[in-house]
Amino acid sequence: MLNTTHATRGMAVAPHSLAAQAALSVLRNGGNAIEAMVAAASTIAVVYPHMNGIGGDGFWVISEPGKPVQAIEACGVVGAGVSREFYSSRQLTSIPMRGPIAGNTMAGTVGGWQEALNISATWGGKLPLAHLLQDAIHYAEAGIPVTASQYASTSAKFDELVLQPGFKDTFLVDGKPPQAGSLFKQPRMGKTLRTLVADGLDSFYRGALAKDIAADLAEIGNPITLEDFNAYRARTCAPVHLNHSLADIYNTAPPTQGVVSLIILAILDKLNLKQYQQDSPEYIHLTVEATKQAFAIRDQYVADPAYMKVDPQSLLAEEFLAPYVAKISLDKALPWGKGKGPGDTIWMGVIDGEGRAVSFIQSIYHEFGSGVVLSRTGINWQNRGCSFSLDPGNINSLEPGKKPFHTLNPALARFKDGRTMVYGTMGGDGQPQTQAAVFTRYAVFNQAVQQAVTAPRWLLGRTWGQSSESLKVESRFTDGLIRRLRSLGHEVDVLGEFDEMVGHAGAIVRDPSGVFAGGADPRSNGTVAGF
């Protein structure tokens with residue numbers, strides 16, 4: 001029996017234990033869920049540097065009891081001077097995945113921290129920024145123990161990263177990936193975080209720090225300018241919403257694929273998933289088939305909302321989804337093309353003693369983003385914009401000022417009986433699939449939170465540098481289940497028992513009684529921290 005962590009005063013979950021502990025420390029010192037999440041977000045940017053950082057983007061879903069759910073879009077946009085011609089003049093037919101011109105979008109995550117703290121202030125939040133960032137600063141300056149995950153990512157991507165500006169001097173030791181368990185310091189990041197404390201988070205965009213970052217970018221030939229920094233602001237907005245039979249479920253709107261995660265759950269709700277056995281071949285088959293339909297909708301409709309031809313919320317309407325539901329057969333797998341591919345990210349959740357909840361995600365896209373590390377500030381810049389197409393007819397074609405498509409999407413549910421749940425994962429195309437697994441296992445099949453997170457998972461498509469588009473399943477599934485999936489027409493590959501490829505999931509549920517239950521992913525370095 002897997003033990004779910006319980007508490008009564010507050011709880012945080014993160015894919016690295018030090019980030020969860022940073023959040024818990026803030027809760028213990030009277031901070032609220034948002035303040036705790038800023039502490040966790042800054043800490044994980046330091047202790048899990050291959051997965052995220054302040055040179056990337058972030059998204060928030062925030063719930064306050066009795067109030068409408070809010071979202072924060074801390075998504076960078078394409079630089080004003082960047083166009084398709086910028087790349088074609090360099091004889092490129094696609095945007096490079098690594099290097100200075102892969103990083104063609106602003107980094108929004110620090111702006112998202114500030115926007116969230118503005119909401120926190122309306123809750124009475126008053127902990128100083130120095131308190132919230134103290135753990136991150138300590139771990140940057142005093143060092144962190146390198147995780148096996150960081151070592152594996154650095155080793156696997158060594159050849160494509162080692163020659164990128166600043167990477168070798170920042171993330172290698174004596175020219176080699178730092179060994180798991182060794183002490184790893186990031187003094188320039190510590191200095192940058194101290195600057196944010198001294199000058200305020202807005203200095204990232206409109207202060208001396210912004211000038212340093214812009215100068216770094218200019219020196220390496222990156223197209224983002226100081227004017228792009230000055231113009232950027234994160235924003236509070238409405239999430240997309242699914243009225244599920246069991247809960248009101250919320251996720252971030254486009255340009256994220258949050259609506260895709262909700263579409264999968266909407267389709268499964270219409271298929272009456274509970275009539276099948278939990279973790280049965282039928283359960284996995286139908287969830288995979290629902291995923292195919294959701295991805296087809298995504299690839300046709302989802303982009304920067306300013307360029308979409310439909311209202312994102314309309315994609316969840318029963319009449320819109322009906323033909324997609326009708327395509328699904330219990331007896332045969334539909335053909336599968338290909339997905340959007342990999343994404344290295346972190347998801348974290350916090351719920352405080354007042355029931356205020358935050359579901360949060362932060363990313364630099366691929367492992368180590370563009371691979372570029374800026375010389376003055378030690379910031380590893382994201383490569384989210386390499387997902388743009390240079391085809392002007394593509395829904396995600398590159399345009400100045402446009403928001404890139406994001407696989408990122410943090411989820412939050414308010415159950416009809418008063419429970420609140422935050423849940424999510426990292427992993428590109430895997431995010432909607434793992435969210436579907438965690439939510440349905442917990443909500444539909446009544447599995448304990450930790451069981452819902454730990455149970456064997458699957459992944460349709462490719463991630464983590466894999467080229468195969470097959471259905472990948474962890475080896476803890478039975479041979480009989482795998483044979484049945486193959487007999488239905490799925491091309492199945494078998495992964496390890498607890499394979500990082502299927503993501504780092506987590507979840508927290510707060511019952512109306514005030515009891516918290518949380519689960520962290522054994523595939524990560526994470527933990528649930530409650531008190």
Side-chain angles (χ1 to χ4, degrees), residues 1-37 39-41 43-44 61-66 135 246-250 278-279 346-360 410-425 434-435 437-457 498 503-531:
M1 181 69 179
L2 295 166
N3 291 322
T4 293
T5 301
H6 291 91
T8 57
R9 298 168 69 185
M11 185 172 280
V13 62
H16 196 294
S17 59
L18 295 179
Q21 292 294 335
L24 181 64
S25 175
V26 168
L27 293 176
R28 284 185 177 277
N29 280 279
N32 59 48
I34 287 176
E35 292 172 317
M37 187 58 78
T43 298
I44 205 158
V61 177
I62 300 170
S63 172
E64 180 183 4
D135 279 5
L246 297 174
D248 290 298
I249 312 175
Y250 300 87
Q278 62 181 346
D279 295 333
I346 61 88
W347 174 88
M348 301 187 291
V350 175
I351 306 180
D352 65 26
E354 302 296 320
R356 297 169 298 206
V358 175
S359 185
F360 172 78
L412 184 148
R414 287 174 166 177
F415 286 87
K416 310 294 186 183
D417 63 7
R419 287 172 292 164
T420 300
M421 179 182 188
V422 291
Y423 64 103
T425 183
T434 293
Q435 284 190 19
V438 171
F439 180 84
T440 56
R441 281 169 164 161
Y442 171 78
V444 177
F445 296 108
N446 298 314
Q447 292 185 10
V449 177
Q450 186 62 62
Q451 174 64 26
V453 171
T454 301
R457 293 203 297 265
F498 290 90
H504 297 163
I508 301 172
V509 178
R510 182 180 184 271
D511 189 81
S513 67
V515 172
F516 294 79
D521 204 321
R523 303 162 185 86
S524 74
N525 295 92
T527 192
V528 179
F531 76 124

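Each ring-ring contact (aromatic ring centres under 6.0 Å, His included) pair with one or both residues in residues 2-33, not counting sequence neighbours, appears once here: His16-Tyr48.
Looking at residues two or more places apart in sequence or on another chain, you find a side-chain contact (heavy atoms from CB on, under 4.5 Å) between Ala411 and Asn251, Tyr423, Gln435. The side-chain contact (heavy atoms from CB on, under 4.5 Å) check on Pro522 picks up Gln450, Thr454, Phe498, with sequence neighbours excluded. Residues satisfying the salt bridge (charged side-chain N to carboxylate O under 4.0 Å, His left out) criterion with Arg510, sequence neighbours excluded, are absent altogether. Taking the side-chain contact (heavy atoms from CB on, under 4.5 Å) definition, one finds that Asn29 meets it with Ser25, His131, sequence neighbours left out. Evaluation of the ring pair (Phe, Tyr, Trp, His ring centres under 6.0 Å) rule for Phe516 yields no partner, not counting sequence neighbours.
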Assess whether side-chain hydrogen bond (donor to acceptor under 3.5 Å, both in side chains) is satisfied between Arg414 and Ser63, documenting all intermediate values. CA-CA 9 Å; Arg414 287 174 166 177; Ser63 172; 3.0 Å; yes
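Ala413 and Ala247 get closest at one heavy-atom pair: CB-CB, 4.3 Å. When all heavy atoms are compared, the tightest approach of Ala12 to Val350 is CB-CG2, 3.8 Å. Here the shortest heavy-atom pairing between Phe415 and Tyr442 reads CZ-CE2, 3.8 Å.
Considering CD1 of Ile508 and CG of Leu412, their distance stands at 10.5 Å, rounded to 0.5 Å. The structure places CG of Asp352 at 12.0 Å from CZ of Arg9, a figure rounded to the nearest 0.5 Å. Going from atom OG of Ser17 over to atom CG of Leu24 covers 12.0 Å, rounded to the nearest 0.5 Å.
In this structure, Arg457 pairs ionically with Asp521, as a charged nitrogen and a carboxylate oxygen lie closer than 4.0 Å.
The side-chain heavy atoms of Gln278 and Gln447, taken from C-beta on, include a pair separated by under 4.5 Å.
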